[in-house]
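Below: one structure, written as structure tokens.
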Amino acid sequence: MMQLKNTETHFGLISILFHWLMAILLIALLALGLYMVRLPLSIEKLRLYGWHKEWGMLALLLVILRSIWRVSNIIPHLEIPWWEALAARTVHFAFYVFMFAIPLTGWLMTSSSGLPVSFFGWFVFPDLISSHTDLIHLFKKTHKWLGYGLIAAIILHVCAALKHHFIDKDDILRRMFL
Ligand code: HEM
């Protein structure tokens, strides 16, 4: 039977669910973000901005829960050369930096624009800083370049997983499935 928690050799159900849910959510947010900024100003564009902000805040809440789960669990051992393990752990650490920094800069950008960040109409998040026009541009740029960094990290991560599956023929990709 599938374990909820990780073991020395396998990821548990909760880690696997976090991995795939967040992968889908982050890729969807990247695609939506890149698409919506290129649209001409319209009701449709504003509606997409609203969705992007709400789902982006959900990503922030999920990464907080995921980090708590990660530190309270053991990480399955990587049976690969030390330099490959170091590269893998560096990319995994970078993912956590991106997963926190991107929604936080989005929230800062929206707060500095004096706009609210609603959570699916249930409540409104408090502003992180007061309205500040000088800072909007800085947060916008940082949000955008962190987004590009996340895309690069995803490409590296997927290429490495496919190399392990198809070239090395080990079970590194398989153990992220049930
Ligand atoms: C992990 C979550 C998120 C990801 C991956 C993400 C990604 C992106 C990307 C790739 C863009 C397009 C940047 C460009 O090409 O100019 C973008 C734009 C934007 N994001 Fe996010 N975002 C996330 C969360 C958030 C959050 C939580 C907010 C606000 C609460 C937010 C607010 C915005 C806004 C307002 C824009 C448009 C900026 C502009 O008009 O230039 N994002 N996002």
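Atoms within each ligand, like the ligands themselves, are counted from 1 in listed order.
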Per atom 24 (C) of ligand 1, closest listed option by heavy atom (K144, H143, K53): H143

Taking atom 30 (C) of ligand 1 as the point of reference, which of L146, L34, V117 owns the nearest heavy atom? V117

Check if M36 has a non-hydrogen atom at a distance under 4.0 Å from any atom of ligand 1. yes

Which residue holds the protein heavy atom closest to [atom], what is that atom called, and what is the gap in Å?
atom: atom 35 (C) of ligand 1; result: M109 SD, 3.6 Å
atom: atom 40 (O) of ligand 1; result: Y49 OH, 2.7 Å
atom: atom 7 (C) of ligand 1; result: H52 CE1, 3.6 Å
atom: atom 41 (O) of ligand 1; result: K140 CD, 3.5 Å

Under a 4.0 angstrom heavy-atom cut-off, which atoms of ligand 1 come close to [X]?
X: Y148; value: 15 (O)
X: W107; value: 29 (C), 30 (C)
X: I102; value: 3 (C), 4 (C), 5 (C), 6 (C), 22 (N), 23 (C)

Do any nitrogen or oxygen atoms of T110 come within less than 3.5 Å of a nitrogen or oxygen of ligand 1? no

Would you check if there is a donor-acceptor pair between the side chains of S112 and H132 at a distance under 3.5 Å? no

